[in-house]
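Remarks on the structure that follows.
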Amino acid sequence: MEENLRAERLRKMEDLRKAGLDPYTNDFRPTMTAAEAQRARFAADEDTLKGAIAAGREDIQLVTGRVMTIRDSGKAVFVTIQDRTTTLQLYLKVDYVGEQGLEFFKKHVDLGDIIGAMGALFQTRVQARNEKDGKGHEVTLLVGATKLQAVGGDAPRMPSSLRVLTKALHPLPDKWHGLADVEQRYRQRHVDLIVSPEARMKLRRRARVIQSIRAFLDGREFLEVETPVLQDTAGGATARPFRTHFNALSQDMVLRIATELHLKRLVVGGLERVYEIGRIFRNEGVSRKHNPEFTSIELYQAYATYRDLMELTEEMLHKIAVDVTGSAVVKYAGKDVDFTPPYRKVALGDLVGTHLGAGDQSEIDSVVKGLELALGHVVSDVEPLRLVQKVLSNDEYTAALKELGGAVDAGSEMDFSRATWERHKADPKAFYARLGKLIDASLPRERRRDLALYLLFAVFEHEIEHTLWNPTFVVEYPISASPLARRRDGDPAIVDRFELFSAGMEVANAFSELTDPVDQRGRFEAQARMKALGDEEAQAVDEEFLAALEVGMPPTAGEGLGIDRLVMLMTDSATIREVIAFPQLRRA
RNA sequence: GGGCCGAUAGCUCAGCUGGUUAGAGCAACGGACUUUUAAUCCGUUGGUCCCGGGUUCGAGUCCCGGUCGGCUCACCA
């Protein structure tokens with residue numbers, strides 16, 4: 001069937017050629033867009049227009065667009081065309097285009113074709129009535145309504161007042177329903193864009209979000225830069241990279257998972273304020289909030305702290321919301337999100353403690369307490385043990401487990417953990433109480449605090465993150481969750497960092513940068529330990545970056561924002577794929 | 001990767017506990033109509049029921065396997 005429809009259109013295309021008309025021409029320039037036509041001067045009705053033509057005072061316009069609807073009532077045909085701006089109604093009437101002209105149109109023009117038309121603007125009775133009823137202003141282009149055409153009896157020649165510029169061989173989907181199958185919408189995005197105003201709106205707003213960010217940062221003397229996508233080692237974030245191969249150098253490479261480390265090297269180089277808007281690749285699953293390739297913006301400002309970036313972020317998001325949606329209050333999933341500064345600021349420990357009914361836990365430094373709060377509020381009962389294992393060194397970890405009667409003869413670390421867990425999982429509460437007590441007794445305060453907060457962080461991600469609706473800065477993150485952030489002066493367990501959440505999503509992550517090369521090396525080594533433990537996302541030691549830090553990086557604050565998620569907010573999109581022109585799909 | 005759900009005409013969908021030749025609207029094709037706007041009216045065409053097996057006298061429908069997708073959990077900032 002599809003073949004028949006196509007054959008029909010192929011035949012029409014050949015007919016055009018036979019008539020000496022190129023069905024894929026490129027010599028027609030519109031004088032205005034559909035939107036301009038809707039705003040332009042127009043005749044009040046057809047009689048007025050007729051008078052103007054007779055006097056040779058009609059405004060002749062050329063318009064182009066894709067044929068979206070055709071309403072044929074015999075001697076007159078209404079056609080709607082759509083260009084990049086909006087739609088415009090064309091009116092083909094035998095009086096102006098002649099019998100031959102009308103016949104030409106009916107025989108050769110299909111829905112989906114791209115055409116160019118010449119005529120003059122007027123308003124139909126229906127349009128005039130609609131406008132009076134407050135249904136909006138709309139005009140019609142009367143095709144062939146020109147002095148040129150009107151001269152001498154049946155002179156009108158269709159090809160001069162209406163032409164096929166591009167013949168479509170494929171029919172458009174149902175004009176009313178469009179494409180309903182989500183897969184079809186993404187695989188045939190070009191078709192989706194033709195029939196779905198929402199799809200077009202989302203891509204337009206995406207562009208405006210980025211424009212708005214650029215304008216904002218350029219105004220603050222940030223320099224836009226570009227750094228490599230192809231890298232030897234992927235750093236700057238905890239994620240698994242995509243692997244690729246560089247033939248000429250016969251070496252394996254990875255696609256970047258963040259722009260962070262290179263941007264900081266530019267700050268070392270003295271650029272002081274830089275940002276990059278670019279594609280990031282993470283070899284992870286897809287979800288409502290995740291696409292394996294996504295666009296981030298990272299910005300770095302010397303002589304600033306994460307506190308300064310809170311202010312910057314508030315101003316920037318407010319500007320984006322107003323620029324893109326016209327209002328600081330944005331509707332998302334039926335609820336308001338208010339981007340008017342200032343935003344709520346809350347400490348991680350306080351947020352989790354309050355949520356669990358345990359009061360303010362901002363000053364928490366007890367692993368016993370941390371485990372107690374985490375148990376039952378993270379993914380599984382083993383989860384707290386895994387988290388403990390990540391933060392402790394191997395020696396500390398095995399020592400603690402052995403003390404609790406761990407399986408001494410187990411092979412690897414993993415086996416050891418599992419065997420110990422098997423023995424105690426019947427009563428996790430008692431197990432964790434004893435484990436926590438042991439760790440509390442053996443670690444200095446700063447390490448206990450770090451671990452306790454690390455446990456609360458897991459609770460936050462699991463239970464609280466998705467409930468934060470209006471923009472909220474969460475602060476006081478544990479140091480082990482932040483290998484590139486600067487320690488808080490006077491509280492070395494936490495880092496000067498915030499993450500911004502809105503509509504249940506993380507939209508930004510920022511911190512005062514760690515500029516101490518010795519501390520940084522230590523943090524990398526802790527990451528390397530996690531990697532050795534089998535954590536594929538853990539970061540590797542980046543010697544080039546460390547060498548740069550040794551040259552000296554000015555005190556700096558840096559931030560990353562997920563552009564796609566921001567666009568989701570600004571377009572009321574439920575999934576990240578809605579705001580990506582061509583989201584990743586499995587091979588069909 | 002796990003669980004649940006789905007795939008029928010170019011598009012949007014219906015198709016009952018398995019039972020004649022799988023239907024509708026839009027689109028297409030033929031016809032009527034000189035101000036329509038999801039135009040209307042008359043007529044016609046169009047199907048690998050996702051793929052492959054199986055059960056059955058008989059499968060779009062039931063079973064098994066697969067492909068692709070959606071939701072969700074896990075992973076993941």
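Quick note on labels: first sequence line is chain A, next is B, and so on, each numbered from 1.
Between the side chain of Thr124(A) and the base of U36(B), a donor-acceptor pair under 3.5 Å is found. Remark: the Arg71(A) side chain and the U36(B) base include a donor-acceptor N/O pair separated by less than 3.5 Å. Contact annotation: side chain of His290(A) to base of C76(B), donor-acceptor pair present below 3.5 Å. Between the side chain of Asp174(A) and the base of G10(B) there is no donor-acceptor pair of N/O atoms closer than 3.5 Å.
When each of A38(B), U36(B), C29(B) is scored by its nearest atom to the side-chain atoms of Trp176(A), the top-ranked nucleotide is A38(B). Nearest nucleotide to the Leu179(A) side chain, out of G30(B), C33(B), U12(B): U12(B).
The ring-ring contact (aromatic ring centres under 6.0 Å, His included) check on Tyr91(A) picks up Phe78(A), with sequence neighbours excluded. For Trp469(A), the side chain to side chain contact (heavy atoms under 4.5 Å, CB included) test picks out Tyr332(A), Ala333(A), Lys335(A), Val337(A), Ala503(A), with sequence neighbours left out.
Nearest approach of Gly74(A) to Asp72(A), heavy atoms of both residues: N-OD1, 2.8 Å. Nearest approach of Leu455(A) to Gly370(A), heavy atoms of both residues: CD1-C, 3.7 Å.
If you check every strand for non-hydrogen atoms under 4.0 Å, Glu138(A) touches nothing.
When the side-chain nitrogen and oxygen atoms of Arg586(A) are compared with OP1 and OP2 of G69(B), one or more of them lie within a distance under 4.0 Å. Here Arg187(A) reaches the OP1 or OP2 of G69(B): one of its side-chain N or O atoms lies under 4.0 Å away.
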Verdict with reasoning, Glu513(A) to Lys264(A), per salt bridge (Lys or Arg N to Asp or Glu O under 4.0 Å)
CA-CA 9 Å; Glu513(A) 301 298 338; Lys264(A) 285 193 204 172; 2.4 Å; yes
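Shown for residues 495-503 of chain A: residues whose heavy atoms fall under 4.0 angstrom of RNA chain B, namely Arg497(A), Glu499(A).
One C1' atom belongs to G1(B), the other to U48(B), and the distance between them is 32 Å to the nearest Å.
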